[in-house]
Amino acid sequence: MNETRETQSQALLELFNGAINSYNQIVYMTSTIGSWDSESTIKELALRVLNMQQNVYFYVEWVARVYTVSSAVAGKKVDKRKTMRLLSAAKKVERLANKIMVTTPIETNELDSNREEKIAEAFTKELLSNGNAKTFHGRVRAIFRELTGLSHELLEEATNNLATIGMLPRKRILEEFTESFPDNSELPESINNNKGGKADQ
């Protein structure tokens, strides 16, 4: 029985590791600066949308999955509306990326290493010429805020769920990951070595 519990705990921690890494990637991909009237900012946003389309849904699925599973294990009701909103935000990125490629007035080679950058540049010039840059900027920023905000909320809930059932040493450790943004998906050694322990005061 103890071996079964240990296996189940390890599976949950691995799922949590994956969600932490996915959240890190989401924050990285959506972190932008600049104002809507800057050509470089619009190009950066367009390029980020293009680069995100391949992986963004995969990342948000990790976050949604750890939240859903941890809620079930902790005996809590899942907020399906939040999970669907998060998945929907990822789909918005995919649809917007497709729209950018379809409306780009240039021919590109799929083997071109600078393909996305050329598309983003052409798309930006088109936006600036027809006066739609501000609208695009606002839409992308809103989607990015939704992605990061909901990911943070669901991952924080998952963290609390795992702490509730004694699998993490303390609640609300998400802030530590947010500040450090680890390059790999391994949990800090202090967490692995203190499963179910109490928080340091």
Side-chain angles (χ1 to χ4, degrees), residues 10-34 40-71 78-80 82-101 110 113-117 119-120 123 136-163 167-168 172-192:
Q10 183 61 34
L12 277 172
L13 286 176
E14 288 177 358
L15 183 60
F16 184 72
N17 283 338
I20 286 291
N21 185 59
S22 294
Y23 175 70
N24 179 26
Q25 293 298 323
I26 291 169
V27 173
Y28 172 76
M29 292 188 301
T30 59
S31 297
T32 59
I33 59 175
S40 61
T41 299
I42 300 300
K43 180 183 175 182
E44 179 189 0
L45 288 175
L47 185 57
R48 283 181 181 264
V49 168
L50 290 169
N51 289 333
M52 286 170 64
Q53 67 170 327
Q54 297 297 326
N55 298 314
V56 64
Y57 198 84
F58 170 80
Y59 291 135
V60 300
E61 271 193 320
W62 266 106
V63 175
R65 190 180 306 129
V66 73
Y67 163 71
T68 302
V69 173
S70 66
S71 295
V78 174
D79 189 336
K80 293 183 179 180
K82 281 187 178 181
T83 58
M84 292 305 297
R85 283 177 57 202
L86 178 58
L87 296 173
S88 176
K91 284 297 183 182
K92 289 178 184 177
V93 172
E94 293 178 348
R95 289 194 295 269
L96 187 55
N98 288 331
K99 182 177 180 180
I100 290 173
M101 290 187 290
E110 292 187 2
S113 60
N114 295 321
R115 179 172 180 261
E116 284 77 12
E117 186 171 354
I119 293 175
F123 180 75
F136 174 78
H137 179 275
R139 183 182 181 189
V140 174
R141 290 288 186 143
I143 295 174
F144 283 5
R145 283 194 300 269
E146 195 169 25
L147 283 171
T148 54
L150 288 170
S151 294
H152 186 281
E153 287 182 34
L154 296 187
L155 190 52
E156 186 174 35
E157 284 297 320
T159 301
N160 292 336
N161 289 339
L162 295 181
M167 291 186 59
L168 293 180
R172 302 189 182 283
I173 63 169
L174 181 57
E175 287 74 11
E176 296 182 10
F177 290 97
T178 304
E179 293 174 1
S180 60
F181 293 121
D183 293 330
N184 55 55
S185 60
E186 294 297 322
L187 283 171
E189 185 177 4
S190 60
I191 293 179
N192 280 328

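Of the possible polar contacts, one joining the Tyr67 side chain to the Asp79 backbone as a donor-acceptor pair under 3.5 Å is found. Between the side chain of Asn161 and the main chain of Glu157, a donor-acceptor pair closer than 3.5 Å is present. Panel note: side chain Asn98, backbone Glu94; a donor-acceptor pair is recorded below 3.5 Å. In terms of modelled atom types and a separation under 3.5 Å, the side chain of Arg48 and the main chain of Ser31 share a donor-acceptor contact.
Atom OG1 of residue Thr148 and atom CD1 of residue Ile143 lie 12.0 Å apart, to the nearest 0.5 angstrom. Note: Asn17 CG to Asn21 CG = 9.0 Å, rounded to the nearest 0.5 Å. To the nearest 0.5 Å, atom CZ of residue Phe144 and atom CE of residue Met52 are 4.5 Å apart. Taking CD of Gln10 as the start and CG of Leu15 as the end, the distance is 11.5 Å to the nearest 0.5 Å. We find the OG1-CZ distance between Thr30 and Arg145 to be 11.0 Å, quoted to the nearest 0.5 Å. Atom OH of Tyr57 and atom OG of Ser88 lie 9.0 Å apart (nearest 0.5 Å).
Taking the charged nitrogens against the carboxylate oxygens, Glu146 and Lys92 do have a contact shorter than 4.0 Å, which makes a salt bridge.
When side chains are defined from C-beta on, Met29 does not count as touching Asn51, because their heavy atoms never get closer than 4.5 Å. Side chains of Gln53 and Glu116 form no contact here, defined as non-hydrogen atoms less than 4.5 Å apart. Counting heavy atoms from C-beta outward, Lys99 and Arg95 have side chains that stay 4.5 Å or more apart. Counting heavy atoms from C-beta outward, Ile20 and Phe16 have side chains that approach closer than 4.5 Å.
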**OP:** Mind running side chain to side chain contact (heavy atoms under 4.5 Å, CB included) on Leu96 and Arg139 for me, showing each step along the way?
**Re:** CA-CA 10 Å; Leu96 187 55; Arg139 183 182 181 189; 3.6 Å; yes
Original post:
Which is it for Glu153 and Leu86 under the side chain to side chain contact (heavy atoms under 4.5 Å, CB included) test, yes or no, and what are the steps along the way?
Top reply: CA-CA 10 Å; Glu153 287 182 34; Leu86 178 58; over 6 Å; no
Subject >> Pair Val66-Trp62, side chain to side chain contact (heavy atoms under 4.5 Å, CB included): steps then yes or no >> reply: CA-CA 6 Å; Val66 73; Trp62 266 106; over 6 Å; no
